[in-house]
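Computed from heavy atoms alone, side chains included, the values below leave out hydrogens, waters and symmetry copies. Everything numeric in this text was worked out from a predicted model, so none of it was measured. Each chain gets a letter, A, B and so on, in the order its sequence line appears, and its residues count up from 1.
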Protein chains: 2
Amino acid sequence: MARTPAPGTRDTILTAAAGLFYEHGVRAVGMAQVVEVAGCGKNLLYRHFPSKASLAAAYLALVRQERDRSCTEALRWAAGPESQLTALVLEIADMVRRPRYRGCAFRNYLTEFPGEDDEPARVAKAYLADTRAEVDRLVAECGGDTLLADRIWLIVNGLYAGPPSQAQVAVDWVTELVGSRTPPPD
Amino acid sequence: MARTPAPGTRDTILTAAAGLFYEHGVRAVGMAQVVEVAGCGKNLLYRHFPSKASLAAAYLALVRQERDRSCTEALRWAAGPESQLTALVLEIADMVRRPRYRGCAFRNYLTEFPGEDDEPARVAKAYLADTRAEVDRLVAECGGDTLLADRIWLIVNGLYAGPPSQAQVAVDWVTELVGSRTPPPD
DNA sequence: GTCTATAGAAGGATAGAC
DNA sequence: GTCTATCCTTCTATAGAC
């Protein structure tokens, strides 16, 4: 046999690309830069990801995977749909407050490539649609109407865009909105 | 005799660039494309705008000029700070509902060029800071606290990002928020 | 020797700037 | 129009592990 292929090469490349793409934007980062940070040759990069679009799609898929895991974990300890809704917003707020937060990766991609319908754009749109659907589901579960769902989605969108100092305002507001739906017993 | 310079050349170029930049993003549009749409020569473009960054800055300055004019017009007929606040949000909502709306030009630029501090970035940041300051001012004028200002800013940010179908929700919500501050006389 | 890795040049297109 | 630089992508050359 010949030289054994390194096992984690794909992950190494993808991790390097993800960091660069998120920090500087997909358009601003060249494939040569990815190769340099990943510490591999161009040949290997193109063997794992046949194009920059496929690499960008894998980057967004990775971010989605991390976010899904993080949200699932956050919702695990919430009792009912009300506290799940609050936990969901709190999870986003925690992300916004992270030191190297640079906006929502999916919204950023759609802003960088407006009107595009390639694979990464579809990944991004799917994430946004699914998240919105989950908000709708949770609101419906706790007896809220579409107005409440629209309002929470408005807050979520503002939370992603706004400064980190606004994060707590969003969390408290959503808590208040869904909390007022369940009048305290007695 | 030398050829007389056309009077509206700068505006023609800037209008063409503005349309392209807003529709496709600044990074995606090349100077050649601007020249093609403007119908002028490249040398003329570089005589008016010595670099792409300066053209982008002029584009954002033009957008700001239009927005300032539009907001001033919207606030003209509003009686007190409460209705001015509502009028401000309604003006943004009208923009969001326009058929070719593609997001906030300033936020889009900052997303396309993260971490940059060139002239267009400064124009964009100044607009956002000024708008936020105006919201703060109006909220303070009608006796609201910083929490109300933060909440309205959250809605405004969500309004810019969200789908046009959310626009009315934002307008109604802000109307309700500032309206509840002025209990009806009698 | 054979296979896979990296490094880097080459191709072709397109960018910004003059 | 031209010039230079850089983009993504492909390919060649070479070194290293089996």
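For Arg47(A), the side chain to side chain donor-acceptor pair (under 3.5 Å) criterion is met by no residue, not counting sequence neighbours. With sequence neighbours excluded, the residues satisfying salt bridge (charged side-chain N to carboxylate O under 4.0 Å, His left out) with Glu141(B) are Arg137(B). Under the salt bridge (charged side-chain N to carboxylate O under 4.0 Å, His left out) criterion, Asp11(A) pairs with no residue, sequence neighbours left out. Thr15(B) pairs by the side chain to side chain donor-acceptor pair (under 3.5 Å) definition with nothing, not counting sequence neighbours.
Counting to the nearest Å, the C1' atom of dC7(D) and the CG atom of Leu45(A) are 14 Å from each other. The distance from atom CZ of Arg47(A) to atom C1' of dT6(C) is 13 Å, rounded to the nearest whole Å. Nucleotide dT14(C) holds its C1' atom 14 Å from the CD atom of Glu36(B), rounded to whole Å.
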Tabulate atom names and distances for all N/O pairs under 3.5 angstrom spanning the protein and nucleotides 15-18 of chain C.
| unit_1 | atom_1 | unit_2 | atom_2 | d |
| --- | --- | --- | --- | --- |
| dG16(C) | OP1 | Val29(B) | O | 3.4 |
| dG16(C) | OP1 | Lys52(B) | NZ | 2.3 |
| dG16(C) | OP2 | Met31(B) | N | 2.6 |
| dA17(C) | OP2 | Lys52(B) | N | 2.8 |
| dA17(C) | N7 | Tyr46(B) | OH | 3.0 |

Between side-chain atoms of residues 21-30 of chain B and protein atoms elsewhere (two or more places apart, or another chain), which donor-acceptor pairs fall under 3.5 Å?
| unit_1 | atom_1 | unit_2 | atom_2 | d |
| --- | --- | --- | --- | --- |
| Tyr22(B) | OH | Arg102(B) | N | 2.6 |
| Tyr22(B) | OH | Gly103(B) | N | 3.3 |
| Tyr22(B) | OH | Gly103(B) | O | 2.7 |
| Arg27(B) | NH1 | Glu112(B) | O | 2.6 |

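Backbone-only engagement by Gly39(A) is indicated by non-hydrogen atom pairs under 4.0 Å involving sugar-phosphate atoms exclusively.
Taking the ring axis of Tyr160(B) as reference, the NZ or CZ atom of Arg107(B) stays within 45° of it and closer than 6.0 Å to the ring centre.
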